[in-house]
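Reviewing the structure listed below.
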Number of protein chains: 2
Amino acid sequence: MEQTAARRRRSGGQAGNRRRTDPAAIRQMPWRLPVNTDRPTEPLTAEGIAAIHDGAMRILEEIGIEFLNDEALALFRQAGMTVEGTNVRMGRDFVAEMLARAPGSFTLTPRNPERRLTLGERHILFGNVSSPPNYWSLETGKVTGTRARCRELLTLTQAFNCIHFAGGYPVEPVDIHASVRHLDVLFDKLTLTDKVVHAYSLGAERVEDVMEMVRIAGGLSHAEFAATPRMYTNINSTSPLKHDAPMIDGCLRMIRRGQAAIVAPFTLAGAMAPVTMAGAVAQSIAEALSAIALFQYVVPGCPCGIGTFTSNVDMKSGAPAFGTPEYMRATQMTGQMARHYGLPLRASGVCAANVPDGQAMWETSNSLWSAVQAGVNLVYHAAGWLEGGLIASPEKFVMDCEVIQMIQRYFEPDLVATGPDEIALEAIREVGPEGHFFGIDHTQARYERAFHQPFVSDWRNFEAWEKDGAVWTAERAQRVCKRILATFEPPPMAEGIRDELAAFVARRKEEGGAPTDF
Amino acid sequence: MEQTAARRRRSGGQAGNRRRTDPAAIRQMPWRLPVNTDRPTEPLTAEGIAAIHDGAMRILEEIGIEFLNDEALALFRQAGMTVEGTNVRMGRDFVAEMLARAPGSFTLTPRNPERRLTLGERHILFGNVSSPPNYWSLETGKVTGTRARCRELLTLTQAFNCIHFAGGYPVEPVDIHASVRHLDVLFDKLTLTDKVVHAYSLGAERVEDVMEMVRIAGGLSHAEFAATPRMYTNINSTSPLKHDAPMIDGCLRMIRRGQAAIVAPFTLAGAMAPVTMAGAVAQSIAEALSAIALFQYVVPGCPCGIGTFTSNVDMKSGAPAFGTPEYMRATQMTGQMARHYGLPLRASGVCAANVPDGQAMWETSNSLWSAVQAGVNLVYHAAGWLEGGLIASPEKFVMDCEVIQMIQRYFEPDLVATGPDEIALEAIREVGPEGHFFGIDHTQARYERAFHQPFVSDWRNFEAWEKDGAVWTAERAQRVCKRILATFEPPPMAEGIRDELAAFVARRKEEGGAPTDF
């Protein structure tokens with residue numbers, strides 16, 4: 001407890017953080033964990049849920065999933081499943097028994113405990129774009145990711161209160177050798193942000209290194225680290241019907257040390273999954289549940305999430321499409337299934353667009369609102385994603401945060417309150433048919449906090465906007481980004497902890513980092 | 001019947017229309033009336049609905065509404081209401097009795113009966129932007145509306161199958177004198193489109209002229225015209241708490257000839273209505289119901305719709321904001337109230353943005369999806385709106401139609417079907433863990449119609465997109481627009497009817513048109 005209090009003092013807490021980054025750069029809403037109060041959109045009837053469940057279970061029972069991981073195969077054998085080569089078939093009773101062990105929600109506590117997240121309980125939380133190899137900005141055009149660009153996007157991740165967690169690398173810093181990339185990026189991530197972080201499941205050394213760095217950054221003993229989830233990993237299956245060795249290995253390492261694992265199959269209907277959306281969802285469910293069942297067998301009650309990344313391809317070109325009606329419905333359907341299984345749900349903020357223009361925003365809006373409609377708990381890639389995840393963009397990051405902040409505001413209870421003060425009969429009587437509401441007390445007492453305030457939207461009329469340079473949204477977002485970067489101060493970290501982190505990175509680099517033959 | 005059949009032959013029907021405009025210009029979904037299968041989003045509890053209802057009723061009972069229309073005042077007096085000067089107070093029992101007369105849904109049958117609309121019954125229908133004084137395109141920048149620009153936007157209104165009705169003038173043709181403007185625009189509208197049209201309630205002569213032109217265009221006798229709704233008018237109240245003379249007069253003229261009236265107060269919270277959203281909604285409901293009660297008193301069972309246009313202002317500048325979280329929740333709340341009263345609901349597709357960029361599309365997406373969430377039946381301004389309704393833009397029109405078409409696709413039942421063919425267990429078994437779904441029969445039998453196909457979104461990767469000119473969305477929309485305009489052929493109209501319309505316009509112009517002192 002004392003240690004926690006000390007950390008809180010060092011970090012300056014939430015107020016300190018707001019003082020440092022907000023006033024100079026942008027006016028934004030405070031940090032909070034939004035609660036999704038909307039009843040989910042449910043395209044599936046009870047029979048539809050049963051049909052997808054039965055399809056998923058028959059995939060697991062009759063067709064099986066390939067686990068290219070010897071330990072997993074041994075564990076499944078030990079659990080009494082049918083293992084033939086790498087193919088594992090499991091009965092629906094086993095799956096149900098294992099899912100019953102999984103918690104419906106859990107917390108993730110980063111080095112700043114005020115940034116603790118609850119995954120589940122109707123929360124909807126947002127994270128930065130993860131893993132694009134490329135970067136695009138108005139200034140640079142499309143270029144490869146570098147450490148500097150990665151640091152820039154981590155800065156945005158920290159600066160925006162509506163971004164709750166630092167997911168994967170916001171852009172791949174390809175100027176850092178793959179063997180030590182995780183060390184440098186995690187050092188940057190843990191010093192530039194104080195939010196929940198993630199480890200890629202790309203080999204034992206990487207996962208262990210990242211867990212160790214998170215432990216050091218939190219000033220935690222090994223026991224303290226393992227006592228509650230501090231971080232998570234997210235894996236994709238190799239659709240169709242396959243889990244790769246390092247992915248399963250990484251999850252097993254994480255859950256055995258009390259950390260969280262999210263399993264998000266990437267099932268593109270018509271390519272790696274059936275062309276029909278219910279089939280693509282059923283396959284995705286089967287792939288995800290097979291791994292989650294394994295994790296619950298190994299560590300009963302370990303924190304797991306199920307992910308959805310079901311979209312469709314352009315049937316003319318085979319290119320993936322994102323933020324489509326098909327994507328929205330698949331997300332909603334998976335939401336119903338996740339609630340059926342009692343698992344927290346992860347989805348994404350996505351688009352196919354190559355630049356932060358109109359298409360980018362209608363596709364992203366579609367995907368973010370479908371996350372709301374689906375009751376999603378964790379929205380990956382929610383800010384900064386372009387070109388189907390191949391590009392990270394700072395302008396897009398800022399624009400997405402505007403949409404996310406609107407979703408956050410959308411869920412504030414005062415917006416739909418209907419007490420006598422909100423019905424405001426006396427105010428209406430006072431103003432009468434000839435008056436104006438702006439000047440009255442009822443308005444004056446509320447106007448500063450009554451409405452959402454944007455940081456990149458321009459609500460001025462055309463003439464005022466034109467006189468000020470006729471700046472389109474992407475360029476305004478660029479300006480916001482520059483303001484943030486110019487005034488950003490990283491969250492505080494004790495000198496000793498920073499030194500310890502740096503020493504760990506140096507030592508592991510000397511040792512050669514991690515193998516790159518994965 | 002014979003006459004209808006003859007008209008159908010002349011018009012070429014739906015297939016004929018598709019043949020003429022679709023293949024040359026864009027690939028789009030067919031004409032249909034989408035059914036909103038989603039359960040509405042309901043931010044209000046039963047107590048919340050009761051509180052807003054009670055607030056609205058107390059406004060009507062205690063504060064009253066100003067009716068600046070002598071006939072309305074006389075009618076209210078006759079009905080036993082309390083009339084003092086122009087102030088009318090009415091009891092909730094009277095309102096309830098009148099609302100019980102209003103149909104929950106009704107049809108609107110334009111000159112092409114295949115374009116018949118059903119307003120209500122969970123349909124969600126979309127119309128063009130209406131009434132901006134200005135026009136903006138990439139080519140022209142911001143310029144005033146003209147007849148040529150109005151004709152261009154009417155062409156788009158007809159060309160897109162996802163646009164169901166031709167609302168008000170898509171841009172005000174200020175190069176036509178106000179006294180005869182309605183004659184020229186309605187001639188254009190009735191010859192360039194075969195969809196449901198609208199009359200502005202701006203004085204007796206205009207309303208009567210437009211009804212007469214719709215009658216002529218339909219080849220209808222006076223009795224046939226009045227036998228079923230062929231068209232509608234839409235009025236705003238003059239918030240707070242006031243109905244202007246010509247608005248009420250226009251509605252009375254319409255309903256007495258069997259046509260439809262929609263009452264959509266424009267209540268900007270913090271300006272013309274309370275700063276609290278529940279208060280703004282309660283006031284809007286009171287204003288709308290006061291007029292609808294009058295119409296049901298005059299013509300029991302006449303087709304009426306209730307509209308919502310409740311948004312907030314920017315409290316720094318007083319400028320109206322659109323597509324905000326506040327706007328979304330107000331729309332959803334009004335949806336609950338409209339269902340409570342059993343009235344079809346009208347809302348809008350709106351934005352504050354000045355150009356068709358990212359902001360324009362997130363604001364528009366927010367407003368269109370809130371219409372979906374609110375169970376809205378008629379979405380005004382759904383395509384082409386910019387600058388809070390002060391600008392109409394052809395590029396924005398095309399971009400909005402892409403979003404609308406996605407909403408249409410979103411509601412297709414096959415998307416969420418869960419029969420054995422959709423679960424596709426045998427396809428998953430056939431492909432197995434090493435295969436790809438594209439080549440198999442299950443995919444090949446479905447791929448041409450499996451997924452939404454866009455007409456302006458570009459799903460190619462960055463390199464292909466860049467090689468082709470790196471064209472952003474607004475410019476691609478411009479190209480789509482040009483293709484449509486280049487290949488458009490107006491829907492057929494018998495020579496005799498066209499001549500009769502032209503003769504009516506000529507005669508009414510000779511008579512001086514309509515007074516302009518309204």
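In what follows, chains carry the letters A, B, and so on, assigned in the order in which the sequence lines appear, proteins first and then strands, with residues in each chain numbered from 1.
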(message) Check whether B:D357 reaches the backbone of A:T473 with its side chain - one donor and one acceptor, N or O, closer than 3.5 Å.
(response) yes

(request) Could you tell me whether a side-chain N or O of B:N312 sits under 3.5 Å from a main-chain N or O of A:A450, the two making a donor and an acceptor? (result) no

(message) Using every non-hydrogen atom in the two residues, find where B:Y410 and A:R329 come nearest and quote the distance to one decimal.
(response) O-NE, 3.0 Å

(request) Work out which heavy atom in A:G48 is nearest to a heavy atom in B:T418; give both atom names and the distance. (result) CA-OG1, 3.4 Å

(message) Less than 4.5 Å apart, side chain to side chain, heavy atoms only: is that true for A:V275 and B:F437?
(response) no

(request) Classify the side-chain pair B:E363/A:W459 by whether it contains a donor and acceptor separated by less than 3.5 Å. (result) yes

(message) Need one label for B:D421: side chain, backbone, both or neither, based on atoms under 4.5 Å from any heavy atom in chain A.
(response) backbone

(message) Using 0.5 Å steps for rounding, measure from the CZ atom of A:R39 to the CZ atom of B:R39.
(response) 3.5 Å

(message) When you compare the side chain of A:L415 with that of B:E326, does any pair of heavy atoms fall below 4.5 Å?
(response) yes

(request) Identify the heavy atoms of A:L425 and B:I59 that sit nearest to each other, and give their distance. (result) CD1-CG1, 3.5 Å

(message) When you compare the side chain of B:M272 with that of A:F438, does any pair of heavy atoms fall below 4.5 Å?
(response) no

(message) Quick check: do A:V456 and B:Q359 have side-chain heavy atoms less than 4.5 Å from each other?
(response) no

(request) Give a yes or no on whether the backbone of B:V471 and the side-chain of A:N354 come within a donor-acceptor separation of less than 3.5 Å. (result) no

(request) Considering non-hydrogen atoms only, spot the tightest contact between B:G270 and A:H436 and give its length. (result) O-CE1, 4.0 Å

(message) Which one wins on heavy-atom pair count under 4.5 Å against chain B: A:A269, A:S457, A:A424?
(response) A:S457

(request) With a 4.5 Å cut-off on heavy-atom pairs, point out which of B:V403, B:N461, B:I52 contacts chain A the most. (result) B:N461

(request) Taking the side chain as every heavy atom from C-beta outward, state whether B:Y327 and A:H452 have any pair of such atoms under 4.5 Å apart. (result) no

(request) Name the region of B:I391, side chain, backbone, both or neither, that has any atom closer than 4.5 Å to a heavy atom of chain A. (result) side chain

(message) Using a 4.5 angstrom heavy-atom cutoff, name the option from B:P43, B:A282, B:A319, B:A470 with the most pairs to chain A.
(response) B:P43

(message) Does any backbone or side-chain atom of B:V431 lie under 4.5 Å from a heavy atom of chain A? Answer side chain, backbone, both or neither.
(response) side chain

(message) Looking at chain A, which one of B:E412, B:M399, B:K316, B:E47 has the largest number of heavy-atom pairs inside 4.5 Å, strictly under?
(response) B:M399

(message) Only pairs of heavy atoms separated by less than 4.5 Å count here; which of A:G439, A:G64, A:A51, A:P274 has the most with chain B?
(response) A:P274

(request) Any chance you could lay out the salt bridge (Lys or Arg N to Asp or Glu O under 4.0 Å) test for B:E466 and A:K142, step after step, and finish with the verdict? (result) CA-CA 10 Å; B:E466 192 176 40; A:K142 183 174 178 178; over 6 Å; no

(message) Which one wins on heavy-atom pair count under 4.5 Å against chain A: B:V355, B:L241, B:T41?
(response) B:V355

(request) Answer yes or no: is there a side-chain heavy-atom contact under 4.5 Å between A:R460 and B:S317? (result) no

(message) Measuring only between side-chain heavy atoms, which start at C-beta, is A:I423 closer than 4.5 Å to B:R58?
(response) no

(request) Determine whether B:H442 and A:T276 make a side-chain contact, defined as any pair of heavy atoms from C-beta on separated by less than 4.5 Å. (result) yes

(request) Return yes if some donor-acceptor pair links the side-chain N/O of A:E422 with the main-chain N/O of B:A278 below 3.5 Å, else return no. (result) no

(request) For side chain to side chain contact (heavy atoms under 4.5 Å, CB included), just list the numbers for B:E387 and A:W465, CA-CA rounded to whole Å, side-chain angles, deciding distance to a tenth of an Å, and then say yes or no. (result) CA-CA 10 Å; B:E387 203 202 359; A:W465 168 83; over 6 Å; no

(request) Please determine, among A:F322, A:W136, A:F411, the option with the most heavy-atom pairs under 4.5 Å with chain B. (result) A:W136

(message) If you compare all heavy atoms of A:I428 against all heavy atoms of B:I63, which two are closest, and at what distance to 0.1 Å?
(response) CG2-CD1, 3.9 Å

(message) Below 4.5 Å, heavy-atom pairs only: which of A:L390, A:N366, A:I407 has the largest tally toward chain B?
(response) A:N366

(message) Could you report the tightest heavy-atom contact between B:S365 and A:S365, atom names first, then the distance?
(response) CB-CB, 3.8 Å

(request) Please look at B:R429 and chain A and tell me whether the side chain, the backbone, both or neither of the residue comes under 4.5 angstrom of a heavy atom of that chain. (result) both

(message) As an exercise, state the distance from CH2 of B:W362 to CG of A:D400, rounded to the nearest 0.5 Å.
(response) 8.5 Å

(request) Calculate, to the nearest 0.5 Å, the distance between atoms CE and CE belonging to B:M328 and A:M406 respectively. (result) 8.5 Å

(message) So for B:A474, is it side chain, backbone, both, or neither that comes closer than 4.5 Å to the heavy atoms of chain A?
(response) side chain

(message) Using a 4.5 angstrom heavy-atom cutoff, name the option from A:G388, A:G432, A:G55 with the most pairs to chain B.
(response) A:G432

(request) Could you have a look at B:E448, B:M277, B:Q332 and say which one has the most heavy-atom pairs with chain A under 4.5 angstrom? (result) B:Q332

(request) Against chain A, label B:P40 side chain, backbone, both or neither, depending on which of its atoms sit under 4.5 Å from a heavy atom there. (result) backbone

(request) Select one option (side chain, backbone, both, neither) describing which atoms of A:Q453 are under 4.5 Å from chain B's heavy atoms. (result) side chain

(request) Sort out for me which of A:D54, A:D414, A:L368, A:V313 touches chain B most, counting heavy-atom pairs under 4.5 Å. (result) A:V313

(message) Between B:A427, B:G358, B:A271, who has the most heavy-atom pairs with chain A when the cutoff is under 4.5 Å?
(response) B:A271

